[in-house]
Amino acid sequence: MGGPQLAALVINDGHQSRKAVFVAAADCLKQTTYLSLGSNVGDRARNLRDAIRALETTGVHVVRVSSLYETEPVDYLDQAWFLNMAIEAETELGALELLRALRQIETQMGSKKLVAKGPRLIDMDILLYGDQVIDTHELQVPHPRMHLRRFVLEPLAEIAPNVRHPVSGQSATEMLARTPDNSAVRKFDDGSSSGRL
């Protein structure tokens with residue numbers, strides 16, 4: 001994304017000379033992003049808490065977190081149930097920088113993806129990044145399967161029911177109502193306040 005974008009304000013001082021005042025538009029660089037987190041290895045709730053703490057050290061400010069949801073596995077069924085959640089965050093990281101930060105956290109926490117869609121100590125995905133649409137080999141945003149994943153949509157609709165998919169235009173609530181995924185998703189109480197971290 002490069003350095004700060006600058007907004008120029010030109011002032012005429014009445015003597016035919018001009019001064020340009022440049023104001024760093026830092027707020028313009030901040031993006032709201034929505035992330036999906038999941039874990040089905042070890043202490044699942046602790047893994048999610050540790051991942052959130054790690055996010056705050058990488059330039060990602062967590063604004064809101066969903067409840068925890070216990071979810072049955074999809075695609076690769078022979079594995080333990082997951083704990084999933086959604087996060088709303090603000091960041092000045094570009095989308096690709098954010099993806100790399102998430103992968104670095106996963107690696108530092110010891111998560112290994114030995115089987116596609118298999119067991120994970122921690123799995124972190126970008127669902128939405130502002131209203132941007134990104135389609136590269138490394139990153140697709142909006143997440144290409146988010147509308148097909150109840151374990152993504154239930155927590156997302158809890159914290160951001162009106163956030164819209166930039167391609168379909170559907171809100172999180174609308175996507176949840178229309179998803180063909182009927183897998184089990186239930187709120188999980190780990191003994192903390194109402195299942196939240």
Side-chain angles (χ1 to χ4, degrees), residues 1-5 24-71 81-113 119-132 134 136 138-143 145-146 149 151-166 172 185 187-197:
M1 186 175 279
Q5 296 175 351
D27 287 344
C28 295
L29 296 177
K30 283 186 182 174
Q31 286 283 1
T32 297
T33 185
Y34 292 90
L35 308 177
S36 177
L37 277 64
S39 174
N40 75 336
V41 173
D43 187 335
R44 300 171 299 170
R46 180 177 178 178
N47 295 340
L48 296 173
R49 284 193 296 269
D50 288 348
I52 290 172
R53 278 194 291 270
L55 279 172
E56 291 282 1
T57 70
T58 62
V60 179
H61 173 63
V62 176
V63 175
R64 186 176 296 133
V65 299
S66 74
S67 301
L68 298 178
Y69 290 80
E70 191 164 42
T71 67
W81 282 43
F82 283 80
L83 281 188
N84 286 97
M85 65 183 306
I87 290 174
E88 178 184 333
E90 290 181 344
T91 186
E92 293 182 12
L93 296 176
L96 195 53
E97 291 176 293
L98 175 59
L99 175 67
R100 290 171 181 164
L102 300 185
R103 296 297 169 257
Q104 184 175 9
I105 291 169
E106 290 175 349
T107 300
Q108 288 173 342
M109 289 182 62
S111 189
K112 297 175 182 175
K113 300 180 179 181
R120 306 287 167 81
L121 186 142
I122 190 69
D123 189 42
M124 309 171 77
D125 290 308
I126 303 171
L127 302 177
L128 300 167
Y129 182 85
D131 59 0
Q132 292 189 24
I134 303 167
T136 69
E138 192 170 357
L139 176 62
Q140 294 82 45
V141 175
H143 192 286
R145 291 177 302 281
M146 64 181 289
R149 298 287 186 256
F151 68 80
V152 166
L153 295 172
E154 287 270 8
L156 180 63
E158 177 193 330
I159 62 170
N162 298 316
V163 69
R164 294 199 172 270
H165 191 288
V185 175
K187 282 193 177 179
F188 177 79
D189 185 356
D190 69 341
S192 64
S193 58
S194 71
R196 290 179 182 269
L197 294 174

Inset, instruction - Could you please spell out the steps behind the side chain to side chain contact (heavy atoms under 4.5 Å, CB included) verdict for Met85 and Val65? - result: CA-CA 7 Å; Met85 65 183 306; Val65 299; 3.7 Å; yes
Inset, instruction - Inspect the contact between Arg120 and Asp123 and indicate whether a charged nitrogen and a carboxylate oxygen are less than 4.0 angstrom apart. - result: yes
Legend entry - N-O pairing of Arg100 and Glu97 below 4.0 Å: no
Pairing residues for [X] by the side-chain contact (heavy atoms from CB on, under 4.5 Å) criterion, not counting sequence neighbours:
X: Val60; value: Leu55, Thr58, Ala89, Thr91, Leu93, Leu98
X: Ala172; value: Leu156, Ala157, Val163
X: Ala54; value: Ile105
X: Leu153; value: Met175, Leu176, Thr179

Side chains of [X] and [Y], heavy atoms from C-beta outward: is any pair under 4.5 Å?
X: His143; Y: Arg149; result: no
X: Glu158; Y: Lys187; result: yes
X: Ile122; Y: Leu48; result: yes
X: Leu121; Y: Met109; result: yes

If you round to the nearest 0.5 Å, how far is [atom2] of [Y] from [atom1] of [X]?
X: Gln104; Y: Leu102; atom1: CD; atom2: CG; value: 10.0 Å
X: Tyr129; Y: Gln31; atom1: OH; atom2: CD; value: 4.5 Å
X: His165; Y: Leu128; atom1: NE2; atom2: CG; value: 7.0 Å

Could you report the tightest heavy-atom contact between [X] and [Y], atom names first, then the distance?
X: Tyr34; Y: Ala160; result: CE2-CB, 3.5 Å
X: Glu106; Y: Met124; result: OE2-N, 2.7 Å
X: Glu56; Y: His61; result: OE1-CA, 3.6 Å

Legend entry - Check against side chain to side chain contact (heavy atoms under 4.5 Å, CB included), Leu37 and Ile52: CA-CA 9 Å; Leu37 277 64; Ile52 290 172; 4.2 Å; yes
Legend entry - Reference residue Val152; test side-chain contact (heavy atoms from CB on, under 4.5 Å); the match among Leu127, Asn84, Asp125, Thr71: Leu127
Legend entry - All salt bridge (Lys or Arg N to Asp or Glu O under 4.0 Å) counterparts of Glu88, not counting sequence neighbours: Arg64
Inset, instruction - Step by step, work out the side chain to side chain contact (heavy atoms under 4.5 Å, CB included) result for Leu83 and Asn40. - result: CA-CA 6 Å; Leu83 281 188; Asn40 75 336; over 6 Å; no
Legend entry - Set of side-chain hydrogen bond (donor to acceptor under 3.5 Å, both in side chains) partners for Ser39, sequence neighbours left out: Asn47
